Amino acid sequence: MIVEQIIKSEQSYLESLERILKEYEKTVVEFIHNPKSRLKHVFAPMRDIISHHKMFQIEMSESARKWNEEDKIGDTFTASFSKTILVDAYSKYINNFPAAMEEIRTLRRNKSSFEEFLMKQEKQGVDRLSIFGLMVKPVQRFPQFIMFLQDLIKYTPTNHHDRRPLQLALTELENVAYKLNERKRQSEQQFQAQQIVHKIVKQKVQHMLTALNLNPDTKRRFLRADMVELVVGTRNGDISNIKSKKRRLILMNDLVLCVKVMTKDQSGFVIEKLGLRWMANLRDLELKETAITPEMLTEPEDDPFHLYADLTEMLHDYSVLSQISGLMGTLKRSYAGHGLNEELIHEVSRDLQRMIQLKDEQLRLVNSCSLVLEDKSKSDKPVTYVIHTETSSIKQDWCVDFLMAKLALDKANMPAWDGTINSDDDTCDIIPAQFMKHLLVDVRRSYTKIKCAVSTFLSPEKSTFSVGVQHLWVCSSSPNLGQISVLSIQNSRPSLMESFNACTCEITAVEMVPGFGTLTVPEDYIFAEDTVWVSTAINEILIFPLTSSDGVHRSATAVLRTLAAVVSLKFVDERLFCGCNNGVMAVYSRHEKGNWETLTPANMEFGISFVKIHFVHEEDLYLSCGNQLILLDTDSLQLTAQHTLMTEQESAIDSVVKSGVGLWVAFHDSSVIKLFHIESMENLQELSVGNFLNRIRAGRPLVSALGTDIPRFQKNMVVTSLATSKGLLWIGTSSGIVLTVPLPRLSGGVPLYRGRPRVSLHAHKGPVKFLIPLSCSTSTIELNRGSSLRSYLRSRPSLRNLKREQTEPGEQNIPEETEKSTEASFDESRFALRRNNRRITETDRRSKTLSFRSELDERIEQSEPSEAEDIRELEQLCDVLLEDSHERGEMSDTDPSVSNLSPRDSAASQSPCTSSSSASSFRDNDSGPLKGKTLARSGLSRQTMSRKASNNAVILLSGGDGYCDLDYSRSQAKTEGACVMLWIYKF
C-alpha cells in the first residue's frame, strides 16, 4: 500500500539524515576553517528536522493502523507540517545548501585527503550514495510527500472520510513546498549573481565595471543564462564579413552580460572561466520589435510559409503607396468619380500597415531565433547586438524574462500593488504580477462601455498553412452602437490593431467558434474559417470572420435570429450553448456536413432569471440561473446535478470559477465571494472584499484617496468578475479595483486563501467587466487552413469529439471501454498499485545515478495522461528544489563562473531532464589536451540552462471603463473611455 511506502520512505529518510551527522559532520567541520562557513548552517537545523520526523513517523504509523476506523492520515500530515518551526528549519537548510555544496567542492579540489575521505565513506555505504546524494534528500522531501499524497487521493473513494483531509494536507504541503522553493530561488539568485560578479571584477575592465556600478555586495539577482551566437561584422551596413561567435548571455535583474566561456584542466578538474565581452544596464536596453535583422537582406532559403516573401512584397507595396499618396497632390483635376482619392489611398495604407505588423510577428515567431538588443545609453550612437538562440522557444522564454525584468524597474511597478514586502516572510508577499500597460479601445470616442472579450488566433493570409498569432476581440457598446476592437497581445508591446463598428445596438456576449471543412457558405451557416459570434440586445447573433474579405471593410457574414436576448455564449463539441435573459438556454448543433441547425435549437428552461454559462469540467457544463448552480452533460444534454447556493440576500449567482477541487462563487450585488468543495459542495471559506477594502482605506492614506477618483469605492462596492490563473484568484469590483488572492497551484488541492488579498494600484474608473488569463506558451500555434483551428487545438472543454476523431473507422470499442465494471476498475487499480510499489522498491535498490527527478521522468513515461499532468504540475511548483536532483549537475559546480568536475564524475550519466538549451555538451576545440573532450557543465548551465524551455508566463487582461493610477506619488495618468489593462507573471 501507498501508506506503507510512506512509512518505509520515512524510515529510510531518517537513517540518511542520521548517517550524515554520524559519519560526515565531525570530519567535514574539521576541514572547514572559515568561521562564516555555510556548512555549519546546514548541519545545525538537521537535528530539528530529525526530531520532528521521528514524531511524524510515530503518528503516521498509529494513523495507518486505525485508518479504516476513525483516524485520518490527512490530518496527521496537516498537523505535522504546518508548524512554523519546521518550515524555518527546512528553509535554513535549503537556503544554505548551494553554498555548502560549493564549499565541499572546493575542499575536494584543494585537499586530496578530503576527497579520499568522501570516496571511502561512499564505498562503505550500502546504497553507495555520496555526500551530495545524502544531503540533497531534505531538499527533495516535500516534493516526494506531495507525490505520495497525490497517489493516496487518486485511490481514495470520493465518499471516504479521509478524502477531504488528504486534499487539505496536499494544499498544506504545497504551500510549504512553494515557500521553500521561492526562498531557495531568491537565495540562489543572489548567490549566483555574487559569484559571477566576483569572477568578472578580477578582469581588467574597470572602466566598464565602474560605469555600470558592478558591486558584488548589492542585492543583485541572477535570472538566467543561455548559450547563444553573437552576430558580428554588421557595422556600417557591411554584411560581407558576417560571423557568429559562441557566447553566454547572462540576464540579471538589472544587467545583461555577454561573456566568453573559457575552460582549462586543473589537477584533473575542468575549470570554466568567464571573459566579459560587453554588458549593459537593463534600463538602457530595448528589445526591437522586428524580425528584420541585418543578416536578412537576402531572402532565406528556408521560408516554408512564404512569410519573408510576403513581407518583402508588402514593404514594396507600402513604399509605392507612399509615393502615390505624394503624387496625388500634384493632380490638376479631381478623379473622385472614378474612385481615385487620397482617402482611399490612406485607408489602404493603414490596412497594409496592420498586415505588415502581423506578418512581421509571424516571421519572428516561426522563422527566427534572433534577438535584436539596442543599447541606448549613448543617445548619439546606439549600439545594436544581434543574437541567435538555439531554438525559438528559448528565444520566446528569454524575451519574457527580459520583459518582466524591465517591467520590474518601471515606475509603474514601483509599487504596483498595495502593501510592502515583509522581509521576514517574503514568499507570502511576492508581487502577484507586473503591470504592463493600459490600452484605450474606444479610439473612435464613441463613448462606449466595455462589455466582454474573447481570445482568437488571427492569420489573415489565405494560404494552406499559416501561423496564428493570438489576439483579443474586445466588445464595447452603448445603447445605439456596438464596437469591436482587435488587440495584438503576443509581443512585448501589446497594441490596438483595429477597431470597427459592429452593430447599431448593445452587445451582450461574444464567443470564438472554430471553422469546419474547406468551403464557406454563409446562407447555409457553413464556415470553413474560424468565426466570432457576437450576441446583441435585439435578439440577434452576428457572425464575423476573423479577417475582412476586402482587407478594408468589416461586416457580419451571417445573422442568427434568437427567441430572446442572449447574455452568455459557450462553444463545446460542435455545439453552441446560448444562455438567455428569460431563463432559457438554447443549444445550437453543427451537423457532420458543417452546417448549423439554426431553425430548431434545443431549448432548455431553468427558471426566469438570466442563464449564465461559466465553464466545462470533465464532461459537465457548469451554468447558473438565479441562485441555482446546474451541471449539464454536454453530450446527452441531461442534468447531472443541481445545487442551491444561498446568501443572506438570496442573490443570483454572477460568476463561478474552478481552482483545484474548489469553486469560487461571486453573487449579484454582493461583495462576498464563497468557496465550495466541488465534490460535496460544502461551503469551505468566505471572503468579504468590501470589508477588506474598507479596512485598508481607513488605515492607509494612499488608498483613502481613492474616493476622489472612484466615488463608488466608499460604499456599495460589489464583486463584478472572477478569474483563476496558475496560483492566483483575480477579483474585479464595481469600483474598478482589481485584487488578487494566492491559491494552490496543484489541481488536486483545496483552493483556500491565506494571508490578505493584494490590491492593484492600477484601476479602472468603472466596473471591471471581464478578467481573462492567457498563457504565453499558447500565444502562437501553427494552423492548417483546410481543417481549421479546431484540428490543432487539443485544449477543448470536452473529450467527446477528440475520442471520436481518434477512433479508427469501423472501431466501436470506446463505449465498451468507458462502461467497465466496478470490479474490473478495482482490479486494474490494484494492479497499478502493485506495479507502483514494485517500481518504488526497485528504485530503492538502484545506484546513486537514479535520483528523485529521474523517477519523475520515468513516471511521466509510464503513467496515464492525467497522472503525467500532475507530475508536471509538481515539477513547475518545485522547479528550484528539483533542479539539484542529479549528483552530476550539483557536484560539477554551483559557481556560475567556474565549473570543476573530476574525471570520475564527468563520466556520470547525463541528466534525462536536460532541456534543449543544454542538451549538447560544450566542447573546446582549441584547448590543447582537452581537444574533443566533453566538458562538465557548470552549475549555472545545469541549474538555469537545463530548466524547461517552455514558456510558463501568464498575461492577465481586465476590461473596464477608464484607467487611473492610484499611487499619488506618481504622475496621475488617467484615461477616459473603454480600456483594457494588462499584467504578466510567471508561475
Side-chain angles (χ1 to χ4, degrees), residues 182 185-186 219 221 223 253-254 282-283 400-423 425-440 489 492-494 689 692-693 696-697 699-706 708-710 713 721 723 725-733 735-743 753 755-765 768 771-774 776 953-960 962-975 979-987:
E182 294 308 308
R185 187 196 309 278
Q186 295 173 8
K219 294 296 183 180
R221 292 182 295 108
L223 300 182
N253 65 323
D254 62 341
L282 202 59
R283 295 179 184 273
V400 171
D401 287 335
F402 177 86
L403 171 64
M404 294 190 63
K406 286 272 291 184
L407 290 173
L409 300 176
D410 191 84
K411 291 183 179 179
N413 286 294
M414 303 177 68
W417 299 85
D418 174 73
T420 57
I421 300 296
N422 183 358
S423 59
D425 194 11
D426 47 2
T427 56
C428 295
D429 288 323
I430 290 176
I431 297 300
Q434 301 292 350
F435 179 73
M436 296 180 69
K437 65 187 302 184
H438 70 278
L439 288 173
L440 180 67
I489 57 175
S492 60
R493 291 190 178 92
V689 178
F692 169 74
L693 287 178
I696 64 172
R697 179 178 63 86
R700 296 179 180 272
L702 178 69
V703 182
S704 63
L706 291 174
T708 60
D709 278 331
I710 306 175
F713 174 76
S721 57
S725 57
K726 274 289 186 179
L728 289 176
L729 171 67
W730 296 78
I731 306 170
T733 65
S735 60
I737 302 279
V738 176
L739 304 92
T740 62
V741 175
L743 293 181
Y753 81 90
R756 64 181 186 84
R758 301 298 298 271
V759 180
S760 173
L761 297 181
H762 301 275
H764 294 288
K765 303 187 75 174
V768 180
L771 293 163
I772 300 178
L774 300 175
C776 290
V954 174
I955 295 178
L956 192 287
L957 302 101
S958 70
Y963 162 80
C964 60
D965 188 344
L966 304 182
D967 186 355
Y968 284 76
S969 64
R970 293 190 287 256
S971 59
Q972 292 305 292
K974 300 179 183 179
T975 300
C979 186
V980 171
M981 295 192 298
L982 299 93
W983 290 267
I984 185 172
Y985 76 99
K986 297 191 74 172
F987 58 88

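Throughout, residue positions are numbered sequentially from 1 according to the sequence presented. These numbers were taken from a predicted model, which means no experiment stands behind them.
The side chain to side chain contact (heavy atoms under 4.5 Å, CB included) check on L282 picks up L251, V256, F402, A405, K406, L409, with sequence neighbours excluded. Among residues two or more places apart in sequence or in another chain, the side chain to side chain donor-acceptor pair (under 3.5 Å) test is passed with N413 by none. For S958, the side chain to side chain donor-acceptor pair (under 3.5 Å) partners two or more places apart in sequence, or in a different chain, are H764. Legend: residues meeting side chain to side chain contact (heavy atoms under 4.5 Å, CB included) with S721, ordered by chain and number and at least two apart, are V768, L771. When the side chain to side chain contact (heavy atoms under 4.5 Å, CB included) test is applied to L440, the partners found at least two apart in sequence or on another chain are R445, T975. Listed by chain and residue number, S725 satisfy the side chain to side chain donor-acceptor pair (under 3.5 Å) test with Y985 (two or more places apart in sequence, or in another chain).
Using cut-offs of 30° and 60° on the angle between ring planes, the pair W983 and W730 is tilted.
Taking both residues in full, the closest heavy atoms of P432 and T740 are given as CG-OG1, 3.3 Å, listed atom of the first, atom of the second, then distance.
Atom CE in M436 sits 11.0 Å away from atom CG in D410 (nearest 0.5 Å). A distance of 10.5 Å separates CZ of R185 from CG of L223, quoted to the nearest 0.5 Å. In this structure, R221 CZ and K219 NZ are separated by 11.5 Å, a value rounded to the nearest 0.5 Å. Between the CG atom of L982 and the CG atom of L957 there is a distance of 4.0 Å, given to the nearest 0.5 Å. One distance of note links CZ of R756 with OH of Y753; it measures 12.0 Å at 0.5 Å rounding.
With a 4.5 Å cut-off on side-chain heavy atoms, K986 and M404 count as touching. Residues I737 and V759 meet the side-chain proximity criterion, which asks for heavy atoms closer than 4.5 Å. Residues V741 and R758 are not in side-chain contact: their nearest non-hydrogen atoms beyond the backbone lie 4.5 Å or more apart. Taking 4.5 Å as the limit, some side-chain heavy atom of F987 sits within range of a side-chain heavy atom of V954. In this structure, the side chains of K726 and L743 stay at 4.5 Å or more apart for every pair of heavy atoms. Using a 4.5 Å heavy-atom cutoff, the side chains of I955 and P773 are not in contact. Residues P415 and D967 meet the side-chain proximity criterion, which asks for heavy atoms closer than 4.5 Å.
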> Stepwise, does the side chain to side chain contact (heavy atoms under 4.5 Å, CB included) test hold for T733 with V738?
Replying inline: CA-CA 6 Å; T733 65; V738 176; over 6 Å; no

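Side chain of W417 to backbone of A433: a donor-acceptor contact under 3.5 angstrom is found. Using modelled atom types, no side-chain atom of K765 and backbone atom of G736 make a donor-acceptor pair closer than 3.5 Å.
P757 pairs with exactly one of I731, L739, V689 by the side chain to side chain contact (heavy atoms under 4.5 Å, CB included) rule, that one being L739.
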